[in-house]
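Have a look at the structure below, then the notes.
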Amino acid sequence: RLFLYVNNRTPSPVVSGSQVSGGQTERQSIGLGKTSDTFPGSSSARILNSLGSAFGAAARSVDSIKRWCKLAGYTLPTPDVATVANLKKMNGDGIFYWATHGGYGERNDAKSGDTFALWTADEVNAGNEIKYLADLNTHNVLYMYAANDSARGGPPTSAMHYCVDLWFITNNMSFAENSLVYFDACGSGGIDPAFSFALINAGLYLGWSLPVTDADADRAARYLFDRT
């Protein structure tokens with residue numbers, strides 16, 4: 001089984017102004033009556049955050065994105081926690097945003113070669129080892145060690161969580177026509193386009209080609225959703 005140690009997404013203090021302001025709300029509301037064949041084919045917006053308390057900016061940006069999506073007429077479905085089990089239930093969303101850790105490793109099974117994986121909300125423990133045994137045996141669910149929580153004013157602590165690779169996403173998830181899929185994770189922009197478009201049906205895929213700080217990821221996400 002593959003174990004990924006990632007040290008890429010840098011925790012940062014929460015940036016100022018990350019809540020939705022009156023001006024931002026007004027800009028978002030202007031376009032509510034528009035219709036287009038290129039809009040997502042579903043009014044479901046799934047906004048996820050698997051990062052711990054060390055990444056306060058991510059939590060604040062997710063809160064803002066949810067507000068904007070609701071203003072634009074999207075529904076926010078459940079489940080909205082990115083566990084391995086819940087991800088299997090997430091299909092047909094018009095907008096899919098996931099703030100999380102990402103990392104690469106090399107598989108040594110029949111699907112040999114580099115693989116990219118995304119950190120879930122599931123901690124590695126004895127109970128989850130039993131719960132996810134079948135998934136672990138596919139090698140599409142892996143282990144990832146990364147920064148997670150932090151005590152107030154203290155340095156971040158790391159944790160081991162399960163992560164899911166692109167084969168897991170391909171086999172268990174799909175999105176609506178013309179959907180916006182944004183994996184807000186380090187390295188997510190370098191994946192094979194075949195995964196992001198043909199196999200998971202994404203209309204527009206967004207990610208990061210390099211590591212990104214928490215603050216920069218927050219600014220980019222809020223800028224994008226404030227203007228779409």
Side-chain angles (χ1 to χ4, degrees), residues 9 11-83 86-87 89-102 118-121 169 173-186 188-189 196-197 200-209 212-228:
R9 185 155 181 157
S12 299
V14 176
V15 297
S16 62
S18 58
Q19 294 291 347
V20 179
S21 69
Q24 291 168 327
T25 299
E26 181 180 0
R27 287 198 301 274
Q28 183 68 20
S29 300
I30 290 173
L32 293 183
K34 294 181 179 178
T35 58
S36 170
D37 290 340
T38 60
F39 277 13
S42 168
S43 61
S44 172
R46 188 100 49 179
I47 314 300
L48 307 176
N49 177 25
S50 298
L51 299 168
S53 60
F55 300 89
R60 295 283 294 276
S61 60
V62 161
D63 179 67
S64 293
I65 292 168
K66 286 182 176 181
R67 291 170 184 260
W68 281 320
C69 286
K70 289 179 70 175
L71 283 169
Y74 286 90
T75 59
L76 304 177
T78 55
D80 59 359
V81 180
T83 65
N86 284 347
L87 288 168
K89 304 172 185 177
M90 298 181 186
N91 290 281
D93 295 310
I95 295 176
F96 189 93
Y97 171 86
W98 187 4
T100 188
H101 287 298
L118 297 160
W119 157 286
T120 73
I169 294 171
M173 302 174 67
S174 64
F175 307 96
E177 291 294 329
N178 298 321
S179 56
L180 167 64
V181 178
Y182 188 170
F183 292 160
D184 194 352
C186 297
S188 57
S196 57
F197 291 97
I200 59 175
N201 200 39
L204 175 64
Y205 175 76
L206 299 172
W208 293 95
S209 58
V212 62
T213 66
D214 192 34
D216 286 342
D218 169 52
R219 292 188 187 99
R222 289 188 294 113
Y223 185 92
L224 171 73
F225 281 94
D226 180 41
R227 286 157 176 79
T228 55

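Throughout, residue positions are numbered sequentially from 1 according to the sequence presented. Every heavy atom of this structure was used, including side-chain atoms; hydrogens, water molecules and symmetry mates were not.
Phe55 has its side chain within reach of Pro11: a pair of non-hydrogen atoms, C-beta onward, lies under 4.5 Å apart. Ile65 has its side chain out of reach of Tyr182: every pair of non-hydrogen atoms, C-beta onward, lies at least 4.5 Å apart. Proximity of Thr120 to Thr83: side-chain heavy atoms (C-beta onward) are nowhere separated by under 4.5 Å. Between Ile95 and Arg46 there is no side-chain heavy-atom pair separated by less than 4.5 Å. For the pair Asp63/Arg60, no side-chain contact is recorded, criterion being any heavy-atom separation below 4.5 Å from C-beta on.
Taking the side-chain hydrogen bond (donor to acceptor under 3.5 Å, both in side chains) definition, one finds that Ser44 meets it with Asp93, sequence neighbours left out. Tyr97 pairs by the side-chain hydrogen bond (donor to acceptor under 3.5 Å, both in side chains) definition with Asp184, not counting sequence neighbours. Looking at residues two or more places apart in sequence or on another chain, you find a side-chain hydrogen bond (donor to acceptor under 3.5 Å, both in side chains) between Ser53 and Asp149. Residues passing the ring pair (Phe, Tyr, Trp, His ring centres under 6.0 Å) test with Phe96, sequence neighbours excluded: Phe175. In this view, Ala185 and Thr100, Leu118, Ser188 satisfy the side chain to side chain contact (heavy atoms under 4.5 Å, CB included) rule, not counting sequence neighbours.
Heavy-atom minimum distance, Ala202 versus Ser179: CA-OG, 3.4 Å. For Ala82 against Leu48, the heavy-atom pair with the smallest separation is CB-CD1, 4.0 Å. Between Ala54 and Asp214, the shortest heavy-atom contact is O-OD2, 4.4 Å. Closest non-hydrogen pair, Ile47 versus Cys69, comes out as CD1-SG, 4.2 Å. Nearest heavy atom pair, residue Ala99 against residue Val62, reads CB-CG2, 4.5 Å.
Here Ser64 contributes atom OG and Asp226 contributes atom CG; the two are 9.5 Å apart, rounded to the nearest 0.5 Å.
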When the side chains of residues 71-81 are checked against the rest of the protein, which donor-acceptor pairs come out under 3.5 Å, sequence neighbours left out?
unit_1 : atom_1 : unit_2 : atom_2 : d
Thr75  : OG1    : Ser43  : O      : 3.3

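In this pair, Trp119 and His101 present their aromatic rings perpendicular. The plane angle is above 60°, beyond the 30 to 60° band.
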